[in-house]
Amino acid sequence: MPSTYEKIYAVVKKIPYGRVATYGQVAGLAGIPRQARQVGYALNHLTDNDIPWHRVINARGEISGRSNPDYARLQRILLEEEGITFSPDGRTSLTRFLWKP
DNA sequence: GGTCTGACTAGGT
DNA sequence: AACCTAGCCAGAC
């Protein structure tokens, strides 16, 4: 029986280049609805993986706050390198970039 | 084994 | 549109 974290990682790995997914969406696809918080918690424990953690954002299209703001800056840079654009208030258009499996 | 925590969300104001 | 609240539940201790 895979742990909750392993299910989450498996889904995040599927997010294609240039697309984003929300925490709630990842939770649903992982078969664990309403556990969006666990998704973020799982990603927080990542160290050096091939998991595209930066493609996971919150339901409002913005990068979620975390204990260390440096990672938020890095996340935005990584997304911009994939062609995802941000509005001046730091949001991205979910209509355009949300991953629809 | 009870309590606390939290990269969240939906719904109301 | 921004802010608040309750609900959520696997881990950590």
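Here is the naming used below: chain letters follow the sequence lines, and residue numbers restart at 1 for every chain.
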Mind calculating the distance between [atom1] ([X]) and [atom2] ([N]) to the nearest angstrom?
X	N	atom1	atom2	answer
A/I8	C/dG11	CD1	C1'	11 Å
A/L46	C/dG11	CG	P	14 Å
A/L94	B/dT9	CG	C1'	13 Å
A/N68	B/dG6	CG	P	15 Å
A/I57	B/dT9	CD1	C1'	14 Å
A/E62	C/dC3	CD	P	11 Å

Report yes if at least one side-chain N or O of A/R91 is closer than 4.0 Å to OP1 or OP2 of C/dA2; otherwise report no.
->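 So the side-chain polar atoms of A/R91 do come within 4.0 Å of the phosphate oxygens OP1 or OP2 of C/dA2, strictly under.
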Looking at A/T4, does any N or O in its side chain come under 4.0 Å of the phosphate oxygens OP1/OP2 on C/dA10?
->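 So the side-chain polar atoms of A/T4 never come under 4.0 Å of the phosphate oxygens OP1 or OP2 of C/dA10.
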Base, sugar-phosphate, or nothing: which does A/N44 touch, judged by heavy atoms less than 4.0 Å apart?
->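 Result for A/N44 = base.
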At under 4.0 Å between heavy atoms, what does A/Q35 touch on the DNA or RNA strands: base, sugar-phosphate, or nothing?
->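 Sugar-phosphate, backbone atoms only, no base.
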Would you kindly compare A/H45 and A/P33 by the position of their nearest DNA chain C nucleotide and give the one closer to the 5′ end?
->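 Closest to the 5' end, via its nearest nucleotide, is A/P33.
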Residue whose closest nucleotide on DNA chain C lies nearer the 5' end, A/R34 versus A/Y5 =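 Between the two, 5'-proximity favours A/R34.
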Just one of A/R76, A/R19, A/R55 clears the salt bridge (Lys or Arg N to Asp or Glu O under 4.0 Å) bar with A/E82, so which one?
->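 Exactly one option meets the salt bridge (Lys or Arg N to Asp or Glu O under 4.0 Å) with A/E82, and it is A/R55.
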If we only count heavy atoms from C-beta on, is the [X] to [Y] side-chain gap below 4.5 Å?
X	Y	result
A/S64	A/Y23	yes
A/T85	A/R96	yes
A/L94	A/I57	yes

Under the 3.5 Å rule, do the base of C/dG11 and the side chain of A/R37 count as making a donor-acceptor pair?
->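 No.
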Under the 3.5 Å rule, do the base of C/dG11 and the side chain of A/Q38 count as making a donor-acceptor pair?
->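 Answer is no: no donor-acceptor pair is held.
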With under 30° as parallel and over 60° as perpendicular, where do the rings of A/Y9 and A/Y5 fit, or are they tilted in between?
->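 The arrangement is tilted - the two ring planes meet at 30° to 60°.
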